[in-house]
Amino acid sequence: MTDKEMEPWLHELMQCSKCELRHEGNRGPTRYSGDPASPLMFVGEGPGGVEDEYGVPLVGPSGQLLDKALWSVGLTRDHVYVTNIVKCRPKNNRTPTLEEGKRCANIHLLREIEMVQPKVIVCLGKVAFQYFYGKTASIMRNRGIWFNYHGIPVMPTYHPAFLLRQTGKDLVESKWQVYYDFKAAVDKAKEAMPDYVYQSPEKPNLMEQFEDLHKSRHF
């Protein structure tokens, strides 16, 4: 799958107004970032303020922390596929409900999975985890434990925003947990696609890359 081949779906996504989240005062749906040919798909919960402005997932403070975590395990954002459960920013950055997550993901995320055909999915946080898991469950009790979603191995771990709220020993412990979860995901992806290039020499600047999209969302 290539960016060009994703364009018909992207056009459909950008026109979407099928759920109430589109009408909560945001700038509209956000797209994916990264490589649609990647064996690794990272799924967050939903766009925050910076993501709503730029139109792509995880480019604010959480995204910068994600970039560091990816780099530590030999990944860069241009060689993984990053998306969200919900595409439109919930009002006041509230956490999307499980039902809101299901409604949006059943329309768009399922299409992304069908097109990208990831070999490994990493759930970032509770909302993404519960969608793939299919029921309410604790991310703290289940992170780091593989489960299967329609034949795709899924690794649940903490969302970068959770790490930003941690301090002291809790922060150190959480960072190591995410590191080992990411490392396990990379190792499993490499088993499936050993010849894929997983890292660029430098971290890409997503804000610079998507500056034109950023400007277009302010008209």
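These figures come from a predicted structure and were not determined experimentally. Worth knowing before you read on, the calculation uses all heavy atoms, side chains too, and leaves out hydrogens, waters and symmetry mates.
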Just do the ring pair (Phe, Tyr, Trp, His ring centres under 6.0 Å) check on Tyr81 and Phe42 with the steps written out, would you?
CA-CA 6 Å; Tyr81 185 96; Phe42 287 78; over 10 Å; no

Taking all non-hydrogen atoms of both residues into account, name the closest pair between Cys123 and Val154 and its distance.
SG-CG1, 3.4 Å

NZ/NE/NH1/NH2 to OD/OE distance under 4.0 Å, Glu53 and Arg89
no

Between Glu7 and Lys4, is there a side-chain N and carboxylate O pair less than 4.0 Å apart?
yes

Run the side-chain contact (heavy atoms from CB on, under 4.5 Å) test on Leu40 and Leu75 for me, step by step, so that the C-alpha distance in whole Å, both residues' side-chain angles and the decisive distance to 0.1 Å come before the verdict.
CA-CA 10 Å; Leu40 270 167; Leu75 300 173; 3.9 Å; yes

Side-chain contact test, heavy atoms from C-beta onward, threshold under 4.5 Å: evaluate it for Arg22 versus Cys16 and give yes or no.
no

Working to the nearest 0.5 Å, report the span between NZ of Lys102 and CD1 of Ile85.
11.5 Å

Nearest heavy-atom pair of Ser17 and His23: which atoms, and what distance?
O-NE2, 3.8 Å

Which of these, Ile152, Asn148, Leu109, sits in a side-chain contact (heavy atoms from CB on, under 4.5 Å) with Phe132?
Leu109

Interatomic distance, SG@Cys19 vs CD@Glu24, rounded to 0.5 Å, equals 8.5 Å

Might you work through the side-chain contact (heavy atoms from CB on, under 4.5 Å) test for Gln209 and Leu206, ending with a clear yes or no?
CA-CA 5 Å; Gln209 178 183 344; Leu206 292 185; 3.4 Å; yes

Phe182 with Trp71, same ILVMFWY side-chain cluster at under 4.5 Å:
no

Could you walk me through whether Lys68 and Lys203 pass the side-chain contact (heavy atoms from CB on, under 4.5 Å) test, one step at a time?
CA-CA 9 Å; Lys68 292 179 182 178; Lys203 301 174 192 173; 3.9 Å; yes

Verify the neighbour count for atom NZ of Lys183: are there more than 12 heavy atoms of other residues, nucleotides or ligands below 6.0 Å?
no

Could you check whether Asp52 pairs with Arg27 (Lys NZ or Arg NE/NH1/NH2 to Asp/Glu carboxylate O, under 4.0 Å)?
yes

Assess the residue pair Ile121 and Val43 against the criterion (side-chain contact (heavy atoms from CB on, under 4.5 Å)); give the C-alpha distance rounded to whole Å, side-chain angles, the decisive distance to 0.1 Å, and a yes or no.
CA-CA 7 Å; Ile121 294 174; Val43 184; 4.1 Å; yes

Heavy atoms, side chains only, cut-off 4.5 Å: are Trp9 and His108 in contact?
yes

Val116 side chain near Tyr32 side chain, heavy-atom distance below 4.5 Å:
no

Heavy-atom check, side chain of Leu65 versus side chain of Ser62, under 4.5 Å:
no

Leu163 and Ser174 have their tightest heavy-atom pair at CD2-CB, 3.3 Å

Val80 versus Ser38, closest heavy-atom pair with distance
CA-OG, 3.4 Å

Are Trp146 and Met193 co-members of a hydrophobic cluster defined by side-chain heavy atoms under 4.5 Å apart?
yes

Could you tell me how the ring of His214 sits relative to the ring of Tyr54: parallel (under 30°), tilted (30 to 60°) or perpendicular (over 60°)?
parallel

Note, Gln15 side chain near Leu13 side chain (heavy atom, < 4.5 Å):
no

Flag yes if Val86 and Leu110 sit in one hydrophobic cluster, no otherwise; membership is Ile, Leu, Val, Met, Phe, Trp, Tyr, and two members link when side-chain heavy atoms are under 4.5 Å apart.
yes

With no hydrogens and no angle check, is any side-chain donor or acceptor of Thr30 less than 3.5 Å from a backbone partner on Lys87?
yes

Is Lys190 positioned over the aromatic face of Tyr198, cation under 6.0 angstrom from the ring centre and no more than 45 degrees off axis?
yes

Within the side chain of Asn92, is there an N or O that forms a donor-acceptor pair under 3.5 Å with the backbone of Arg94?
no

With a 3.5 Å distance limit and no angle check, can you tell me whether Asp170 reaches the backbone of Gln166 through a side-chain donor-acceptor pair?
no

Taking Asn26 for its side chain and Leu21 for its backbone only, find out whether a donor-acceptor pair lies under 3.5 Å.
yes

Do you know which two heavy atoms are closest between Pro57 and Glu51, and how far apart they sit?
C-CG, 3.8 Å

Would you say Met140 and Tyr158 make side-chain contact, with heavy atoms under 4.5 Å?
yes

dist Leu58:CG -> Asn84:CG (nearest 0.5 Å) comes out at 6.0 Å

Leu66 with Val50, same ILVMFWY side-chain cluster at under 4.5 Å:
no

Quick check: do Tyr196 and His79 have side-chain heavy atoms less than 4.5 Å from each other?
yes

Ion pair present between Glu191 and Lys119, side-chain N to carboxylate O less than 4.0 angstrom?
no

How long is the gap from CD on Glu100 to CD on Glu45, to the nearest 0.5 Å?
11.0 Å

Would a hydrophobic clustering, with Ile, Leu, Val, Met, Phe, Trp and Tyr connected at side-chain separations under 4.5 Å, put Tyr179 with Phe129?
yes

Could you measure the distance from the OG atom of Ser216 to the CE atom of Met14? Nearest 0.5 Å is fine.
9.5 Å

Is there a side-chain contact between Arg77 and Asp67, using heavy atoms and a 4.5 Å cut-off?
yes

How does the hydrophobic cluster around Ile145 look, that is, which other residues are in it when side-chain heavy atoms under 4.5 Å mark a link?
none

Atom CZ of Arg31 and atom CG of Leu213: how far apart are they, to the nearest 0.5 Å?
7.0 Å

Considering all heavy atoms, the nearest Glu114-Gln117 contact:
O-CG, 3.3 Å

